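Just so it is clear: chains get the letters A, B, ... in the order the sequence lines come, proteins before strands, and each one is counted from 1. Fair warning: this is a prediction, and the values are worked out from it, not measured in the lab.
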There are 2 protein chains.
Amino acid sequence: MPKDRAPTRIQKKNRAAILEAALNVFSAHGFRGATVDQIAAEAGLSKPNLLYYFPSKEAIHTALLSGLLETWLAPLHDLDADGDPMEEILSYTRRKLQMSRELPRESRLFANELVQGAPRIHDALSQDLRQLVDEKAQVLTGWMDQGKIARLHPYHLIFSIWALTQHYADFDVQVRAILGDEDPFEGAEPFIDTLYRKLLEP
Amino acid sequence: MPKDRAPTRIQKKNRAAILEAALNVFSAHGFRGATVDQIAAEAGLSKPNLLYYFPSKEAIHTALLSGLLETWLAPLHDLDADGDPMEEILSYTRRKLQMSRELPRESRLFANELVQGAPRIHDALSQDLRQLVDEKAQVLTGWMDQGKIARLHPYHLIFSIWALTQHYADFDVQVRAILGDEDPFEGAEPFIDTLYRKLLEP
DNA sequence: TCTTGATTTGACCATCTGGTCAAACTCACG
DNA sequence: CGTGAGTTTGACCAGATGGTCAAATCAAGA
């Protein structure tokens with residue numbers, strides 16, 4: 001294992017390659033379904049070499065998840081209490097949908113973990129995520145109190161945005177099996193936009 | 001392997017026990033994450049005994065999925081072109097949400113499969129499911145043409161119902177981590193009901 | 001260039017896992 | 001009962017998998 005001095009050029013490169021490869025493999029097969037050999041091959045390293053940079057498969061997975069959590073929650077973080085309510089929410093849904101389109105591996109990585117009971121990120125859920133959502137739910141409630149948007153259960157409103165947007169990344173195969181050649185996001189964007197306009201209109 | 005005569009009492013009992021156990025294990029850990037030993041233990045059988053009833057792990061999984069597919073699609077099947085549009089759709093969403101509540105293992109079984117690219121049910125998706133959805137999308141389009149419900153992309157409308165309802169089963173841990181003690185379905189039902197009323201109102 | 005720490009690897013190991021098999025046991029029915 | 005089909009299991013196997021280690025190779029600063 002590399003000493004904990006400043007990382008060398010090679011360390012940076014290889015660590016990045018491993019995490020990139022791990023994202024591919026874990027998101028496609030889940031934790032249990034991924035093998036260290038697979039990740040090593042994808043990263044262009046031998047297995048022992050990979051294990052020189054990360055002490056175990058679990059450690060790679062953990063590093064990956066915690067490294068991506070911030071990215072994943074950024075759009076919700078950016079929901080601004082001082083912005084225009086309708087615009088803020090619509091822009092949040094658009095960013096989330098865009099992330100489904102551009103970062104589907106990340107979405108599936110979390111989906112894989114969640115659908116199996118999130119054994120490795122349960123803490124992050126009930127700590128960081130919960131706190132963030134509590135905070136933003138209050139923002140939503142504030143807007144409802146001011147009559148700026150329709151009164152709805154704020155938590156379920158947030159869940160609905162997650163469900164609608166992540167569905168396109170997580171269940172991509174199903175969506176494409178049904179739509180055929182049509183680009184899912186082409187239709188999804190205006191649909192979701194319309195949905196929230198109608199739903200939130202006071 | 002039992003001969004293909006009429007199944008004996010014991011065969012019925014054990015096959016059922018195996019499928020029940022397999023549903024528990026596969027839905028919680030995915031195909032790769034589940035082990036034959038685990039399923040056997042859960043079914044109260046030894047591993048060789050289990051493999052006397054099903055030739056392989058894969059066979060159990062297949063039997064389970066194809067046996068449940070019908071159940072899973074029944075609510076959409078029942079969407080009646082001759083019924084009242086708004087009532088038909090709302091009752092479909094209610095049934096789907098109820099299934100998330102009462103059959104979460106089934107939902108997660110499919111979710112696990114889909115999120116990993118559905119390697120074992122790709123055919124069912126692009127054949128049976130696609131055909132069913134095509135058919136029901138036409139029903140929806142008909143209602144839109146008649147001005148009975150708002151004009152929307154019919155496929156994305158269906159996706160939205162799947163996403164919103166299955167979210168509560170598939171990502172149960174996340175939902176509960178955020179809601180704490182509150183029953184997710186308590187709030188979800190009126191939320192989803194309101195959502196589709198507002199969305200579909202012509 | 002030389003040295004020293006960083007990097008890489010072939011060989012190896014223990015465990016897990018899906019699956020097999022022959023032998024033993026049980027059950028239903030004549 | 002007795003018997004043959006149906007059922008169960010302990011022992012076993014081959015391959016996959018996560019992980020280790022000593023030895024070899026490489027890179028960069030003195």
Picking from D:dT9, D:dG18, D:dA27, the nucleotide nearest the side-chain atoms of A:R9 would be D:dA27

CD of B:E70: more than 12 outside heavy atoms within 6.0 angstrom?
-> no

Position toward the 5' end of DNA chain C (nearest nucleotide), A:K13 or B:G33 | A:K13

Atom CZ of B:F31 and atom C1' of C:dT17 are separated, to the nearest Å, by 12 Å

Check for a donor-acceptor pair, side chain of A:Y92 on one end and backbone N or O of A:I158 on the other, with a separation under 3.5 Å.
-> no

Of the candidates D:dT8, C:dT8, D:dG19, the side chain of A:V36 sits closest to D:dG19

So what does B:A34 hit on the nucleic acid, given a heavy-atom distance under 4.0 Å: a base, only sugar-phosphate, or nothing?
-> sugar-phosphate

More than 12 heavy atoms from other groups under 6.0 Å of CD on B:Q131 | no

With DNA chain D as reference, determine whether B:N14 or A:S56 sits nearer its 5' end, using the nearest nucleotide of each.
-> B:N14

Taking D:dA11, D:dT8, D:dG18 as options, the one with an atom nearest any side-chain atom of B:I10 is D:dT8

Base D:dG18 to side chain A:K47, donor-acceptor N/O within 3.5 Å cut-off | yes

Output yes when at least one side-chain N/O atom of B:S46 is less than 4.0 Å from OP1 or OP2 of D:dG10, else no.
-> no

Regarding the side chain of B:T35, the nearest nucleotide among C:dT17, D:dT9, C:dT7 is C:dT17

Rounded distance (Å) that lies between atom P of D:dT8 and atom CZ of B:R15 | 12 Å

Out of C:dT9, D:dA27, D:dA11, minimum distance to the side chain of A:N49 belongs to C:dT9

Of the listed nucleotides C:dA6, D:dG18, D:dT20, the one nearest the side chain of A:Q11 | C:dA6

Is there a donor in the side chain of B:S107 and an acceptor in the side chain of B:Y168, or the other way round, less than 3.5 Å apart?
-> no

Please answer whether the main-chain N or O of B:N24 pairs with a side-chain N or O of B:R105 as donor and acceptor at a distance below 3.5 Å.
-> no

Here the distance between atom C1' of D:dT9 and atom CG of B:D37, to the nearest Å, is 13 Å

Would you say A:R32 reaches D:dG18's phosphate, i.e. side-chain N/O to OP1/OP2 under 4.0 Å?
-> no

Return the nearest nucleotide to the side chain of A:Y53; candidates are C:dA11, D:dT17, C:dT8.
-> C:dT8

Write down the distance between CD (B:Q38) and C1' (C:dG19), rounded to a whole number of angstrom.
-> 17 Å

To the nearest angstrom, how far is A:L50 atom CG from D:dT20 atom C1'?
-> 14 Å

Distance, rounded to the nearest Å, where B:I18 contributes CD1 and D:dT7 contributes P = 11 Å

Could you tell me the separation between the CD1 atom of A:I39 and the P atom of D:dG19, rounded to a whole number of Å?
-> 10 Å

Across the strands shown, which category fits A:A40 at heavy-atom distances under 4.0 angstrom: base, sugar-phosphate, nothing?
-> nothing

Here the distance between atom C1' of C:dA22 and atom OH of B:Y52, to the nearest Å, is 15 Å

Indicate yes or no for a side-chain donor-acceptor contact from B:K136 to the backbone of B:L79 under 3.5 Å, with no hydrogens or angles considered.
-> yes

